[in-house]
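Remember, predicted model here, so these are calculated numbers, not experimental data.
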Amino acid sequence: MIKLPIDFVKKTGGTAMGGYGSGRPSSKQKAEHCKSLDVNRLHRGGCLRPGRRGNWVWSRDGEEVGRINYKAEEGRVVLDYRVRSYGGDWEATTETIRITHVECNYGNKRPYFICPGVVHGRHCGLRVGKLFAGGRYFLCRHCYRIAYASQSEARYDRMLRRANKLRMALGGEPGTAYLIAPKPKGMWQRTYQRKHFEIEWCESQANQLFLSKYRHMFSKEEREAFFGS
């Protein structure tokens, strides 16, 4: 692990390697913060069978945070729900979403939503697996310009996130301040060695990417120490 100069840590707002960066700022809505409908989950639950109706419920930490009514018809699903904009009154909303099916390689069919969005006077019509409640209606993330949180991360943050995921999969703690956990019982040695190597590689790449980004902030002596030039 590379030890950073204190002045450099202060300049970049970090505390240590492994704790830097939260990604570049973005004004886009994040997919993780929006209620969404997943056509595959609806399909697996039998919610798309014509004549089926019921409630779709979202929950967080075991508590309900929202619900809508749905009714499945041939080739489409009809949603009934209430929305409120900018603290105004709740308004009843009905939205009809077409569904198409695409042949899979093994003979089955996979369902997709056809996005009903209209942006700048043009109908979207994209075939998508998820629709998001980024506004009054459920539309695809392209219509709402919704991004996934990982898309706003710098590459070194993505590397660290991958390393932390592997660390926790081995039963350890996230972060380079901790040792990589020993091989879990029942795991093949070669599997453990592969995961161990990938963790070290991701963290090494994150270090180098981070240092390269802020290379201009180092003194000549520090550049020679870290980069050899």
Side-chain angles (χ1 to χ4, degrees), residues 23-24 26-62 64-83 85 91-155 157-159 161-162 164-166 168-169 191 194-195 198 202:
R24 62 181 181 276
S26 173
S27 59
K28 293 182 179 180
Q29 296 188 77
K30 296 296 186 292
E32 292 80 0
H33 301 159
C34 295
K35 295 182 179 66
S36 66
L37 288 174
D38 187 321
V39 72
N40 291 306
R41 291 187 63 187
L42 289 169
H43 178 63
R44 288 194 298 269
C47 303
L48 301 182
R49 291 197 298 266
R52 179 74 178 269
R53 63 175 63 209
N55 299 316
W56 188 260
V57 178
W58 291 275
S59 61
R60 184 181 300 118
D61 298 328
E64 180 178 324
V65 294
R67 69 167 55 207
I68 60 172
N69 299 321
Y70 69 86
K71 178 177 64 175
E73 300 178 351
E74 190 66 41
R76 64 183 190 175
V77 61
V78 181
L79 308 177
D80 284 302
Y81 54 95
R82 297 191 305 155
V83 295
S85 300
E91 298 180 44
T93 301
T94 299
E95 181 180 12
T96 299
I97 302 168
R98 291 193 295 126
I99 296 174
T100 187
H101 291 80
V102 176
E103 297 282 351
C104 297
N105 293 332
Y106 300 100
N108 295 323
K109 291 184 178 182
R110 181 177 179 179
Y112 287 91
F113 291 127
I114 302 298
C115 177
V118 177
V119 180
H120 302 306
R122 299 184 62 181
H123 177 62
C124 176
L126 280 179
R127 190 175 68 192
V128 295
K130 278 188 175 184
L131 296 176
F132 296 87
R136 183 182 183 93
Y137 299 103
F138 283 86
L139 306 177
C140 74
R141 69 183 185 89
H142 305 286
C143 285
Y144 280 131
R145 292 177 54 80
I146 290 173
Y148 287 98
S150 59
Q151 293 175 300
S152 298
E153 291 180 323
R155 190 180 172 202
D157 281 327
R158 293 199 296 273
M159 287 288 184
R161 186 160 53 83
R162 173 61 180 165
N164 287 337
K165 184 176 180 181
L166 289 167
M168 290 186 290
T191 301
R194 174 174 55 81
K195 291 181 182 293
E198 187 173 355
C202 286

* I would like to know whether Val39 and Arg110 meet side chain to side chain contact (heavy atoms under 4.5 Å, CB included); could you show each step before the answer? => CA-CA 9 Å; Val39 72; Arg110 181 177 179 179; over 6 Å; no
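- We find that Arg136 and Glu91 are joined by a salt bridge, their nearest charged nitrogen and carboxylate oxygen being less than 4.0 Å apart.
- Ile68 is listed as a side-chain neighbour of Trp58, based on a closest heavy-atom distance under 4.5 Å.
- Looking only at side-chain heavy atoms (C-beta outward), Tyr70 and Cys47 come within less than 4.5 Å of each other.
- Phe138 has its ring centre less than 6.0 Å from the ring centre of Tyr81.
- With Tyr112 as the aromatic partner, Arg127 meets the cation-pi criteria of under 6.0 angstrom to the ring centre and within 45 degrees of the ring axis.
- Looking at Leu37 and Val77, their side chains never come closer than 4.5 Å, going by heavy atoms from C-beta outward.
- For the pairing with Val78, the side chain to side chain contact (heavy atoms under 4.5 Å, CB included) check across Glu73, Glu95, Arg53 returns one residue only, Glu73.
- From Leu79, atom CG reaches atom OG1 of Thr96 across 8.0 Å, with rounding to the nearest 0.5 Å.
- How far CG of Leu139 is from OH of Tyr144: 4.0 Å, rounded to the nearest 0.5 Å.
- Atom CD of Glu74 has 12 or fewer neighbouring heavy atoms from other residues, nucleotides or ligands inside a 6.0 Å radius.
- Atoms CG and CD, from Asn108 and Glu103 in turn, are 9.0 Å apart once rounded to the nearest 0.5 Å.
- Distance check: Lys195 NZ to Lys165 NZ gives 9.5 Å after rounding to the nearest 0.5 Å.
- For the pairing with Asp80, the side chain to side chain donor-acceptor pair (under 3.5 Å) check across Asn55, Asn69, Thr93, Thr94 returns one residue only, Thr94.
- Looking at Leu48 and Ile99, their side chains come closer than 4.5 Å, going by heavy atoms from C-beta outward.
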* Does the pair Leu42 and Trp56 meet the rule for a side chain to side chain contact (heavy atoms under 4.5 Å, CB included), with working shown? -> CA-CA 9 Å; Leu42 289 169; Trp56 188 260; 3.5 Å; yes
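- Nearest heavy atom pair, residue Cys115 against residue His123, reads O-CE1, 3.6 Å.
- With values rounded to the nearest 0.5 angstrom, Asn40 atom CG is found 9.5 Å from Lys130 atom NZ.
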